[in-house]
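The structure under discussion appears below in the form of structure tokens.
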2 protein chains.
Amino acid sequence: MADADRNAPIGGETLLFLTDEQLRQGIEAMFFAYRGFTADPDRILAEYSYGRAHHRALHFINGAPGTTVNNLMSILGVTKQSLNRVLRTLIGDGLVESRVGRSDKRERHLTLTEKGAELERALSDAQRARMRRAYRDAGPEAVSGFKRVLEAMMDPEMKRQYSALREGRG
Amino acid sequence: MADADRNAPIGGETLLFLTDEQLRQGIEAMFFAYRGFTADPDRILAEYSYGRAHHRALHFINGAPGTTVNNLMSILGVTKQSLNRVLRTLIGDGLVESRVGRSDKRERHLTLTEKGAELERALSDAQRARMRRAYRDAGPEAVSGFKRVLEAMMDPEMKRQYSALREGRG
DNA sequence: CTTGGAATGTCAACAAGACTGACTTAACCT
DNA sequence: AGGTTAAGTCAGTCTTGTTGACATTCCAAG
């Protein structure tokens, strides 16, 4: 903390003296926090013998109904074969519906069924509950800092997708 | 559900109105940021045909030299079989040294060899570089908020380990 | 109209990294 | 001496990712 106080303004920009130890703490915080982040949904998924990949697919289909397989692939950052395996089980289990596109019939538009929406809700309720607790414990200024650092940590392409998702939902 | 999500004023505490959309943004930010967080080390690891599991082992052995297998297991949150596979390759490749404990000869104390320390340095340099950029872009207040939210997101046991590691390094 | 490329899907094979369960060895402790 | 603990190992399974090859369908440029 003493190091953080050593920031001197140089040429209008704020200068930060970041020790390796401070950065290391951030790295470990990310590691442990991500475990907490996924812990609650993981417990629910285990009951259905689904995995995180299924959760991610449900999450982003829910957030962008009618999305195509290609779009989902690039958001999730996995190959079509990997995504396809997950989608096949979700479609087979009646959680996701795949409809042929009207303008481009090669495309498949993915939406959640009522059953799929139910599971998605259970998963995201659990995840949001932890998030809400964390936000409340940390306070509103902490939350905006949290988001700023996370955004700055993303690759430009991820940041683009992250922003696009927010704008798509208004 | 929407009304239930609203925070009620409770004796003098800060009031936060957290919409599902705000929490969802945080969830997606964690998802995309974690990808960025692991991207740089992953590229280096691929050259050595190691994986994230090796990185995590190297990281925590470096941070707590002489740690035992049991301790490492509980920090990483994996089974001994899973950890053992990783340690076996690291020891076999001469990156990690395993020494029988002096007081308790059942224990094996793990340390990095010079070669292991080199790889750990390369990996953490890459990861720290991104972290440093993110911290500078976001600014010092953002950083403290970032850490507060992450800590609040951890399970109590993880938080305990996280704090113990920091204190162990002073 | 034909052909090339794009989007999707499928099949197969493989690897990393996690898991459980059973078992051994050695060392420790009561 | 007997029970517990630490570590290591073997075997088998699961999820989730990867490549590569190939079929189908469709759109669009020539």
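If you're wondering where the values come from, they're calculated on a predicted model, not measured in any experiment. Every chain is numbered from 1 and lettered A, B, ... according to where its sequence line falls, protein lines coming before strand lines.
- For B/Arg108, whose side chain is taken as the heavy atoms from C-beta onward, the closest listed nucleotide among D/dA7, C/dG21, C/dG17 is D/dA7.
- Residues A/Thr68 and A/Leu110 fail the side-chain proximity criterion, which asks for heavy atoms closer than 4.5 Å.
- Here B/His54 does not reach the OP1 or OP2 of C/dA16: none of its side-chain N or O atoms lies under 4.0 Å away.
- Using a 4.0 Å cut-off, no side-chain N or O of B/Asn70 falls inside it from OP1 or OP2 of D/dT5.
- Nearer to the 5' terminus of DNA chain D, by closest-nucleotide assignment, is the contact made by A/Arg56 (compared with the other of A/Arg56 and A/Lys105).
- Taking 4.0 angstrom as the limit, B/Asn84 places none of its side-chain polar atoms (N or O) nearer than this to OP1 or OP2 of D/dA7.
- Between B/Phe31 and A/Phe60, the gap from one ring centroid to the other is short of 6.0 Å.
- B/Glu28 has no carboxylate O lying under 4.0 Å from a charged side-chain N of A/Lys147, or vice versa, which leaves the two without a salt bridge.
- Residue B/Leu83 is the one, among B/Leu83 and B/Lys80, whose nearest nucleotide of DNA chain C lies closer to the 5' end (criterion: closest heavy atom).
- Comparing D/dC27, C/dT20, D/dA7 by their nearest atom to the side chain of B/Val69 picks out D/dA7.
- Across C/dT8, C/dA18, C/dG9, the shortest atom-to-atom separation from the side chain of A/Ser98 is found for C/dG9.
- Set against D/dA7, D/dT15, D/dC26, the side chain of B/Thr68 has D/dA7 as its closest nucleotide.
- OP1 and OP2 of D/dG17 both lie 4.0 Å or more from every side-chain N or O belonging to A/Thr79.
- Both A/Glu107 and A/Gln81 lie close to DNA chain C; mapped to their nearest nucleotides by heavy-atom distance, the more 5′-ward contact belongs to A/Glu107.
- Residues A/Arg160 and A/Asp155 are not paired through a salt bridge, judged by the lack of any N-O separation under 4.0 Å between the basic side chain and the carboxylate.
- Within 3.5 Å, a donor on the side chain of B/Arg85 pairs with an acceptor on the base of C/dA18, or the reverse.
- One cannot find a donor-acceptor pair under 3.5 Å joining the base of C/dT8 and the side-chain atoms of A/Arg106.
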